[in-house]
Amino acid sequence: MFRCAVDPFCGSRFRFVSFQLQKESADMQFKDKKLDRNAPCWCGSGKKYKHCHMDFDEKIREFEVKGFIVPERKLIKTPEQVEGIKASAKINIAVLDEVASKIKIGMSTEEIDRIVYDTTTKMGGIPAPLNYEGFPKSVCTSINEEVCHGIPSPDVILKDGDIINVDVSTIYHGYFSDSSRMFCMGNVSPEKKKLVDVTKECVEIGIKNVKPWTCLGDMGNAVHQHAVENGYSVVREIGGHGCGIEFHEDPWVSYVSVPGTEMLMVPGMCFTIEPMVNMGRDDIFQDEENGWTIYTEDGLPSAQWEVQVLVTENGCEVIAY
Ligand code: MF3
Ligand code: CO
């Protein structure tokens with residue numbers, strides 16, 4: 001197999017590009033149109049701005065003045081958008097439940113793709129990965145040392161002892177959802193089982209650390225700590241992302257981050273928590289033939305669970321899992 005270093009310019013989930021976007025959005029907040037106090041609020045509530053989001057916007061502005069990276073208005077989901085994203089997430093969850101009930105040793109990843117396509121479209125949705133930047137299938141299936149973006153194939157058969165991530169994303173009435181789960185096939189070694197379990201704990205810790213008016217770096221750092229305490233590493237170059245109106249929107253979400261850095265979390269933001277945890281070193285490379293699949297450089301296994309959360313007044317709501 002050919003190997004190449006991961007090209008930092010090749011997608012919005014990769015660090016460099018998104019860092020630029022973050023800087024742009026930091027500049028943007030000032031450019032969000034300042035509404036008249038008596039104008040109807042931007043959130044669609046029908047209330048006057050001064051009785052709705054005016055204080056909220058002012059609070060964001062205060063953080064921005066102190067030097068925080070703050071979300072521009074379009075990253076704050078309106079109640080109508082939240083309903084749309086939740087309806088999409090309902091399909092995403094149902095698709096993963098369907099995969100969970102059918103996945104078994106001897107099945108090809110192509111068959112998983114078929115289950116995802118059929119279940120999604122029967123419920124009126126569209127699999128978001130299909131044709132996304134040229135991705136050829138409806139779902140990502142990543143086995144053992146594959147970190148993410150594995151492409152389903154009739155030639156890839158699930159074996160006893162495999163761990164596999166099935167990453168499902170849905171478009172429904174224009175709204176996006178995204179979540180993934182791990183499946184352990186048959187007799188998985190205790191080492192791999194622990195990796196899968198600790199990675200799930202990392203996501204649970206991430207969820208607990210989504211608190212409005214704190215930074216994404218606080219959450220990402222908590223996730224990282226737990227992985228490191230267990231002797232694992234976390235992939236640096238690929239992270240989570242805002243999700244809802246687009247498949248991949250700002251902010252880019254690192255799980256190797258420093259407290260007090262990265263974007264401020266505010267109620268109404270919607271993003272994924274999806275750390276890729278490696279049993280060995282954090283180095284990765286991209287499949288040069290298919291241009292998608294990411295592997296661990298040392299060939300040791302990697303695990304990932306993904307949830308999509310909505311930031312609330314006192315924490316977050318998990319909307320896709
Ligand atoms: N959950 C993955 C992500 O956030 C889904 C990737 S689909 C692909 O990027 F088409 F980009 F592979
Ligand atoms: Co994702």
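By convention here, the first residue in the shown sequence is residue 1.
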Same cluster or not: are [X] and [Y] linked, directly or through other Ile, Leu, Val, Met, Phe, Trp or Tyr residues, by side-chain heavy atoms under 4.5 angstrom apart?
{"X": "Val277", "Y": "Val256", "result": "yes"}
{"X": "Trp305", "Y": "Val309", "result": "yes"}
{"X": "Ile163", "Y": "Ile112", "result": "no"}
{"X": "Val307", "Y": "Ile205", "result": "no"}
{"X": "Leu96", "Y": "Val203", "result": "no"}

For a salt bridge (charged side-chain N to carboxylate O under 4.0 Å, His left out) check, start with the C-alpha distance between Lys193 and Asp197, then their side-chain angles and the critical distance, and finish with the verdict. CA-CA 6 Å; Lys193 175 78 170 64; Asp197 291 345; 2.9 Å; yes

Please report the closest heavy-atom contact between [X] and [Y], naming both atoms and the distance.
{"X": "Pro154", "Y": "Ser108", "answer": "O-CB, 3.7 Å"}
{"X": "Ile93", "Y": "Arg181", "answer": "O-NH2, 3.6 Å"}
{"X": "Leu216", "Y": "Glu262", "answer": "CB-CB, 3.9 Å"}
{"X": "Trp252", "Y": "Gly239", "answer": "CZ2-N, 3.6 Å"}
{"X": "Thr170", "Y": "Val168", "answer": "OG1-CG1, 4.3 Å"}
{"X": "Ile238", "Y": "Cys148", "answer": "CD1-SG, 3.9 Å"}

Distance (rounded to the nearest 0.5 Å) between [X] [atom1] and [Y] [atom2]:
{"X": "Asp167", "Y": "Cys140", "atom1": "CG", "atom2": "SG", "result": "5.0 Å"}
{"X": "Ser233", "Y": "Asn278", "atom1": "OG", "atom2": "CG", "result": "4.5 Å"}
{"X": "Lys66", "Y": "Leu264", "atom1": "NZ", "atom2": "CG", "result": "9.5 Å"}
{"X": "Phe176", "Y": "Ile245", "atom1": "CZ", "atom2": "CD1", "result": "9.0 Å"}
{"X": "Ser180", "Y": "Tyr321", "atom1": "OG", "atom2": "OH", "result": "14.0 Å"}
{"X": "Met265", "Y": "Cys316", "atom1": "CE", "atom2": "SG", "result": "9.0 Å"}

Side chains of [X] and [Y] in contact at under 4.5 Å (non-hydrogen atoms):
{"X": "Pro71", "Y": "Met263", "value": "yes"}
{"X": "Asp283", "Y": "Thr296", "value": "no"}
{"X": "Tyr295", "Y": "Ile284", "value": "no"}
{"X": "Val196", "Y": "Lys200", "value": "no"}
{"X": "Ile151", "Y": "Glu146", "value": "no"}
{"X": "Lys194", "Y": "Thr199", "value": "no"}
{"X": "Lys48", "Y": "Arg37", "value": "no"}
{"X": "Ile273", "Y": "Tyr255", "value": "yes"}

Between Met269 and Leu310, does the side-chain contact (heavy atoms from CB on, under 4.5 Å) criterion hold? Intermediate values first, please. CA-CA 6 Å; Met269 281 170 74; Leu310 173 73; over 6 Å; no

Measure from the side-chain N and O atoms of [X] to the backbone N and O of [Y], and report whether any donor-acceptor pair falls under 3.5 Å.
{"X": "Gln286", "Y": "Ile294", "value": "no"}
{"X": "Ser177", "Y": "Asn92", "value": "no"}
{"X": "Asn165", "Y": "Met182", "value": "no"}
{"X": "Thr119", "Y": "Val116", "value": "no"}

Pair Ile115-Met107, side-chain contact (heavy atoms from CB on, under 4.5 Å): steps then yes or no: CA-CA 11 Å; Ile115 293 167; Met107 184 182 261; 4.1 Å; yes

Should the pair [X]-[Y] be classified as a salt bridge under the 4.0 Å nitrogen-to-oxygen rule?
{"X": "Glu249", "Y": "Lys77", "answer": "yes"}
{"X": "Asp282", "Y": "Arg236", "answer": "yes"}
{"X": "Glu317", "Y": "Lys86", "answer": "yes"}
{"X": "Arg114", "Y": "Glu110", "answer": "no"}

For the residue pair [Y] / [X], report whether a side-chain donor-acceptor contact shorter than 3.5 Å exists.
{"X": "Thr293", "Y": "Asp287", "result": "no"}
{"X": "Thr78", "Y": "Glu80", "result": "no"}
{"X": "His241", "Y": "Asp250", "result": "no"}
{"X": "Asn144", "Y": "Lys192", "result": "yes"}

Can you confirm whether more than 12 heavy atoms, excluding those of [X], are under 6.0 Å from its [atom1] atom?
{"X": "Glu229", "atom1": "CD", "value": "yes"}
{"X": "Tyr117", "atom1": "OH", "value": "no"}
{"X": "Asn187", "atom1": "CG", "value": "no"}

Review item, side-chain donor-acceptor pairs of residues 38-46, under 3.5 Å, at least two apart:
{"residue": "Asn38", "atom": "OD1", "partner": "Lys50", "partner atom": "NZ", "Å": "2.7"}
{"residue": "Trp42", "atom": "NE1", "partner": "Asp57", "partner atom": "OD2", "Å": "3.0"}
{"residue": "Ser45", "atom": "OG", "partner": "Lys47", "partner atom": "N", "Å": "3.1"}

For a ring pair (Phe, Tyr, Trp, His ring centres under 6.0 Å) check, start with the C-alpha distance between Tyr132 and His248, then their side-chain angles and the critical distance, and finish with the verdict. CA-CA 11 Å; Tyr132 174 78; His248 297 117; 5.2 Å; yes

Can you list the steps and then say if Ile103 with Met185 is a side-chain contact (heavy atoms from CB on, under 4.5 Å)? CA-CA 9 Å; Ile103 196 165; Met185 309 311 300; 4.2 Å; yes

What side-chain donor-acceptor pairs closer than 3.5 Å can you find for residues 217-224, not counting sequence neighbours?
{"residue": "Asp218", "atom": "OD1", "partner": "Gly260", "partner atom": "N", "Å": "2.6"}
{"residue": "Asp218", "atom": "OD2", "partner": "Cys215", "partner atom": "N", "Å": "3.0"}
{"residue": "Asn221", "atom": "ND2", "partner": "Ser257", "partner atom": "O", "Å": "2.9"}

Any chance you could lay out the salt bridge (charged side-chain N to carboxylate O under 4.0 Å, His left out) test for Glu98 and Lys102, step after step, and finish with the verdict? CA-CA 6 Å; Glu98 186 67 13; Lys102 298 220 166 116; 2.6 Å; yes

Run the numbers on Phe183 and Asp162 for side-chain contact (heavy atoms from CB on, under 4.5 Å), then give the verdict. CA-CA 8 Å; Phe183 298 98; Asp162 280 346; over 6 Å; no

Salt bridge (charged side-chain N to carboxylate O under 4.0 Å, His left out) assessment of Lys122 paired with Asp118: CA-CA 6 Å; Lys122 262 187 210 136; Asp118 288 348; 5.3 Å; no

